[in-house]
Amino acid sequence: MEKIMMKGNEALAEGAIRAGCRFFAGYPITPQNEVPEYMSRRMPEVDGVFLQAESEVSAINMVYGAGGAGCRAMTSSSSPGISLKQEGISYIACAQVPCVIVNVARGGPGLGGLTSSQADYFQATKGGGHGDYRLIVFSPGTVQEMVDLIGLAFDKADEYRNPAMILSDAIMGQMMEPVVLPEMRDLQQINKPWATTGMKNRGQNLINSLGLLPEDLVRINQELQEKYKRIEANEVRYAVEDVDDADLVLVAYGTSSRIARSAMGLARKEGKKVGLLRPITLWPFPKQPLADLAAAGKRFLVVEMSVGQMVEDVILAVNDRSKVDFFGVPNGAVPTVRQVYNRIMEIL
Amino acid sequence: MTHEIICAGFGGQGVMLIGQLIAYAGMVEGKNVSWVPSYGPEMRGGTANCSVVVSDEPVGSPVISEPNGVIAMNQPSLERFLPVVKPGGVLVYNSSLITMKETRDDLHIIAVPANELATELGNSKVSNLVALGAFLQKTNVVTADGIEKALEKVLPPHRHKLIPLNLEALRKGMALV
């Protein structure tokens with residue numbers, strides 16, 4: 001397969017189309033604008049729909065409708081825009097409609113800035129909107145993973161009838177790296193007998209997010225929780241590097257994992273035994289692998305482009321079996337390799 | 001070997017393009033590569049730069065804070081990046097537009113009158129390729145053949161008629177070192 005250089009945002013958009021996405025609705029915001037720009041050109045070529053909505057709220061509700069009708073549908077935005085979508089995401093989660101939401105995160109809070117950020121971790125993994133619900137959240141660490149994980153996100157969204165999120169960031173979105181693109185997915189292979197496609201010769205399919213009778217709402221929530229347990233049991237994904245002999249394991253995802261990796265390389269040159277665990281799914285979170293490493297006596301240093309969000313999940317997973325340190329920077333700043341290296345050298 | 005390169009200049013000087021050419025050529029030559037742009041909020045008329053990594057190893061951080069190679073096309077870029085180049089690194093600067101006020105004796109510093117040399121070729125817009133040529137001659141990050149292949153990929157088809165001029169500019173820069 002031919003390698004080509006692509007920007008993260010464009011690779012993500014092409015990956016979505018090749019995974020069978022045929023409906024995109026969005027509203028412009030930096031630093032994700034390459035996604036709708038690419039989709040606006042590419043969707044008509046594959047008989048798909050590109051729609052620039054009047055707002056983020058409209059876009060997510062259009063995705064709710066298209067997903068309910070059985071189409072592989074997605075929307076993308078950046079942090080403030082993702083906040084606007086939360087009501088729709090909560091409805092979609094309750095109605096069990098598969099779709100993919102992409103957040104190319106930028107600095108917050110508020111309107112914030114255009115620099116890269118990992119301060120939307122809580123929003124992505126702990127709900128974001130109202131109610132007890134979860135998204136399956138993927139974090140790409142390379143441009144190749146932008147392609148691979150959006151395909152997986154569509155597959156898992158369909159498999160569990162659950163919204164999935166790609167939590168990327170400005171650097172991942174703007175970066176160019178070599179990618180190999182997969183073949184176009186055969187749309188005939190994607191079957192959704194539950195979708196609202198017109199009754200014809202079958203019974204009624206109903207999609208909604210309403211449970212006015214208390215017993216109905218209990219049943220809906222029990223069904224969701226049972227599904228989330230299955231996802232937690234089967235869908236944890238992570239990558240480890242040099243952890244076997246490590247005294248200290250860095251824990252980082254996305255852009256931070258790349259910076260952490262370089263810092264690990266510098267520390268290894270100084271004879272320090274440092275490894276890296278990179279969560280690929282942020283929810284479900286790789287609790288067990290962290291617990292196992294803690295039980296084996298490893299210490300941890302969590303590196304984030306925020307003042308500390310994922311670190312809370314690492315602390316929960318480690319559960320006092322070992323020590324967890326943290327290095328983060330406030331939004332607006334990007335951690336440097338040297339800063340992370342210096343923190344490693346303080347600890348070891 | 002890992003090359004960590006920053007290309008910097010005014011918007012419109014083609015610094016993003018030469019960064020992409022290095023990255024694309026590196027990929028063609030079997031290296032691991034990354035390219036990240038960094039525009040300031042002062043983008044219009046301000047300084048733009050990109051970070052390029054070309055390595056035998058998988059690329060760690062795509063964002064570079066301590067480059068071992070810099071191509072500076074304007075005065076603000078030189079002032080920003082001269083202090084952070086790693087000792088032993090290479091700095092190529094566009095002496096047509098830059099006055100060197102302070103220098104460092106632990107770097108390989110190469111002055112390239114990129115605008116004058118490009119104008120001699122009949123098109124001042126290829127000053128970026130002149131500077132790139134000098135940089136590559138000194139560092140051997142990628143070959144001129146790699147850049148030629150990269151030009152075919154990076155430039156849109158309707159600009160391919162400019163490839164010979166760009167290669168001429170590249171060679172002119174190489175001949176300077």
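Residue numbering restarts at 1 for every chain, and letters A, B, ... go by the order of the sequence lines.
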Legend entry - CZ/B/R159: more than 12 non-hydrogen atoms of other groups inside 6.0 Å: no
Legend entry - Heavy-atom side-chain proximity of B/S61 to A/R261 below 4.5 angstrom: no
Inset, instruction - For atom NZ of A/K3, decide whether the heavy atoms of other residues, nucleotides or ligands shown that lie under 6.0 angstrom number more than 12. - result: no
Legend entry - Side chain / backbone / both / neither for B/V28 at chain A, heavy atoms under 4.5 Å: neither
Legend entry - Top contributor to chain A interface from B/E66, B/Q20, B/K153 [non-hydrogen pairs under 4.5 Å]: B/E66
Legend entry - Nearest heavy-atom neighbours spanning B/V33 and A/E177: O-CG, 3.7 Å
Legend entry - Heavy atoms from other residues, nucleotides or ligands near OH of A/Y27 exceed 12 (cutoff 6.0 Å): no
Legend entry - Engaged part of A/E2 at the chain B interface, taking heavy atoms whose separation is under 4.5 Å: side chain
Legend entry - Atom CD of A/E346 with >12 non-hydrogen neighbours under 6.0 angstrom: yes
Legend entry - Check ion pair B/E57-A/R268 (N to O, under 4.0 angstrom): no
Legend entry - Between B/S65, B/A23, B/P62, the one whose heavy-atom pairs under 4.5 Å with chain A are most numerous: B/P62
Legend entry - Exceeds 12 heavy-atom contacts within 6.0 angstrom, atom CD of B/E102: no
Inset, instruction - For the residue pair B/W35 and A/V143, establish whether any side-chain heavy-atom pair is separated by less than 4.5 Å. - result: no
Legend entry - Which atoms of A/L114 approach chain B - backbone, side chain, both or neither, heavy atom under 4.5 Å: neither
Legend entry - Closest heavy-atom pair and its distance - B/G60, A/R258: O-NE, 2.7 Å
Inset, instruction - Answer yes or no: are there more than 12 heavy-atom neighbours, outside A/Y238 itself, under 6.0 Å from its atom OH? - result: no
Legend entry - Spacing of A/M5 atom CE and B/S34 atom OG [to the nearest 0.5 Å]: 7.5 Å
